[in-house]
Amino acid sequence: MASAVHLQPGSGARFDWGLTGAAELGRVCAVLVVVDVLSFTTAVEVAVARGVRVHPFPWGEQAADYALRVGAVAAVGRRQTTTAHPWSLSPAALAGAPVVADLVLPSPNGSAISAAASAVGRPVVAACLRNARAVGRWLHQQGYGTTDAPVGVIAAGERWPDGTLRPSVEDLLGAASVLDALSGVPGGLSVEAAMTLAALASTPDVPAAVRGCVSGRALIESGFAGDVEAAVQRDVSTVVPVLRQGVFVAG
């Protein structure tokens, strides 16, 4: 367990990375914002905007069995989609897939973090570049951002082959975009949160940075450039997906 100082006390908006960061800030923050630009939270925004209820689910577990139990459709890997089953973690595919009532959406980072955070009872919001400003407005309206009700913004990051966290450019910029919208909260930003704004301010072309970073290039070279293009659209959505009783719905 981290010491109290690692929880960034005295600030209304805080920032950390990955599953461990979410677990720690979840102990003290009134709400958590999960950012996984490529591609979980972007996929959640796209799906929820179309009226789909999204169930986050840990990666590598029995998503299909769980979907069967709750009467949902289970998303499959990007390369496993078929004409009959087009639902996957791909935001571009979800934008054109038939609308279903409930979708179980596994991912190794954002989905696993969201599911774990939900288990401890904190409200969880899914944010990406598409809805960062809308998320910031919603948090303000709900009264979050004071020292008594702080916001924890979590950049999901990626995983190295050994399972350790790899901080990622796209999630840093996505988290910074949310924190930029929170810069006027009564409790102010922690130093960690404020430093993300320096990264954002020094990035003249955010979409180009996401396309050119390791995660963006990997998706493009794998044939999923459409997912990157969906993810780099900034503030095009007013949808704020909020995890309620284990399901993301429009807040």
Side-chain angles (χ1 to χ4, degrees), residues 1-37 40-41 44 54-61 105-128 132 135-136 138-159 163-168 171-172 174-197 240-249 251:
M1 183 179 294
S3 66
V5 72
H6 289 96
L7 303 178
Q8 304 166 42
S11 53
R14 310 174 189 188
F15 169 75
D16 218 312
W17 284 94
L19 190 59
T20 302
E24 292 299 327
L25 290 189
R27 295 166 48 208
V28 294
C29 289
V31 60
L32 291 179
V33 179
V34 177
V35 180
D36 185 355
V37 170
F40 176 73
T41 53
V44 171
V54 177
H55 301 243
F57 201 78
W59 189 253
E61 298 187 20
L105 189 62
S107 89
N109 300 301
S111 190
I113 293 168
S114 299
S118 175
V120 300
R122 299 291 187 203
V124 179
V125 177
C128 58
V135 167
W138 184 87
L139 291 165
H140 276 288
Q141 292 164 359
Q142 300 299 311
Y144 295 118
T146 65
T147 53
D148 292 329
V151 177
V153 179
I154 305 298
E158 299 289 344
R159 295 281 179 178
T164 56
L165 174 72
R166 177 178 69 78
S168 60
D171 292 345
L172 176 62
S177 297
V178 175
L179 287 161
D180 186 39
L182 290 173
S183 57
V185 294
L189 305 185
S190 69
V191 171
E192 288 75 13
M195 289 305 294
T196 71
L197 301 189
V240 179
V242 181
L243 197 57
R244 303 185 190 280
Q245 298 180 327
V247 182
F248 279 111
V249 296

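Any value given below was found using the heavy atoms of this structure, including those in side chains, with hydrogens, waters and symmetry copies removed.
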> Among Asn109, Val44, Val125, Val124, find the residue that satisfies the side-chain contact (heavy atoms from CB on, under 4.5 Å) test when tested with Val34.
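The passing option is Val124.
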> Which pair of non-hydrogen atoms, one from Val37 and one from Cys128, has the smallest distance, and what is that distance?
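Of all heavy-atom pairs spanning Val37 and Cys128, the closest is CG2-CA, 4.5 Å.
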> How about Val135 and Val33: do any of their side-chain heavy atoms sit closer than 4.5 Å?
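With C-beta onward as the side chain, the pair touches.
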> What are the two closest non-hydrogen atoms of Thr146 and Gly143, and how far apart are they?
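In terms of heavy atoms, the two residues are closest at CG2-O, 4.1 Å.
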> Side chains of Val54 and Pro241, heavy atoms from C-beta outward: is any pair under 4.5 Å?
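Answer no - side chains too far apart.
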> Are the side chain of Thr196 and the backbone of Ala193 linked by a donor-acceptor contact shorter than 3.5 Å?
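Indeed, once roles are kept as given, a pair shorter than 3.5 Å links the two residues.
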> So, using ring pair (Phe, Tyr, Trp, His ring centres under 6.0 Å) as the criterion, who are the partners of Phe40 when residues are at least two apart?
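For Phe40 there are no ring pair (Phe, Tyr, Trp, His ring centres under 6.0 Å) partners, ignoring immediate neighbours.
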> Looking at CZ of Phe57 and CG of Leu105, how far apart are the two atoms once the value is rounded to the nearest 0.5 Å?
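The distance works out to 11.5 Å.
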> With a 4.5 Å cut-off on side-chain heavy atoms, are Leu182 and Tyr144 touching?
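Of all side-chain heavy-atom pairs linking Leu182 with Tyr144, none is under 4.5 Å.
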> When rounded to the nearest 0.5 angstrom, what distance separates CZ in Phe15 from CG in Leu197?
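Between atom CZ of Phe15 and atom CG of Leu197 there are 10.5 Å.
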> Using every non-hydrogen atom in the two residues, find where Val185 and Ala13 come nearest and quote the distance to one decimal.
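That closest heavy-atom pairing would be CG2-CB, 4.3 Å.
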> Would you say that Arg27 contacts Leu7 through its side chain, given a criterion of any heavy-atom pair below 4.5 Å between the two side chains?
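Of all side-chain heavy-atom pairs linking Leu7 with Arg27, at least one is under 4.5 Å.
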> In Å and rounded to the nearest 0.5 Å, what is the CD to OG1 distance from Glu158 to Thr164?
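If I round to the nearest 0.5 Å, the distance is 12.0 Å.
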> With distance as the sole test, does His140 use its side chain to make a donor-acceptor pair with the main-chain N or O of Ala181 at under 3.5 Å?
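Between the backbone of Ala181 and the side chain of His140 there is a qualifying donor-acceptor contact (under 3.5 Å).
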> When rounded to the nearest 0.5 angstrom, what is the spacing between CG in Leu189 and CE in Met195?
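So the CG of Leu189 and the CE of Met195 are separated by 12.0 Å.
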> Does the Asp36 side chain pair with the main chain of Gly110, one donor and one acceptor, at a distance under 3.5 Å?
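Indeed, once roles are kept as given, a pair shorter than 3.5 Å links the two residues.
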> Do side-chain atoms of Arg14 reach the backbone of Gln8 as a donor and acceptor pair under 3.5 angstrom?
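Yes.
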> With side chains defined as the heavy atoms from C-beta onward, is the minimum distance between Arg159 and Leu19 less than 4.5 Å?
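A side-chain contact under 4.5 Å exists here.
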> Checking the side chain of Thr41 only, and the main-chain atoms of Ala127 only, is there a donor and an acceptor separated by less than 3.5 Å?
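Judged by distance alone, yes, a pair lies under 3.5 Å.
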> About how many Å separate CZ of Phe248 and OG of Ser111, when rounded to the nearest 0.5 Å?
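The OG atom of Ser111 sits 7.5 Å away from the CZ atom of Phe248.
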> Nearest 0.5 Å, what's the OG-CG distance between Ser177 and Leu172?
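That separation rounds to 9.0 Å.
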> If you compare all heavy atoms of Ile154 against all heavy atoms of Gly18, which two are closest, and at what distance to 0.1 Å?
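Result for this residue pair: CG2-O, 3.6 Å.
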> Check Ala117 against Val120 and note the closest heavy-atom contact, atom names and distance.
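Looking at all heavy atoms of both residues, the shortest contact is O-CG2, 3.0 Å.
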> Could you report the tightest heavy-atom contact between Ala156 and Leu165, atom names first, then the distance?
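Smallest heavy-atom distance, with atoms named: O-CD1, 3.5 Å.
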> Strictly distance-based, threshold 3.5 Å: is any side-chain N or O of Arg244 a donor or acceptor partner for the main-chain N or O of Val249?
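No: the side chain of Arg244 does not pair with the backbone of Val249.
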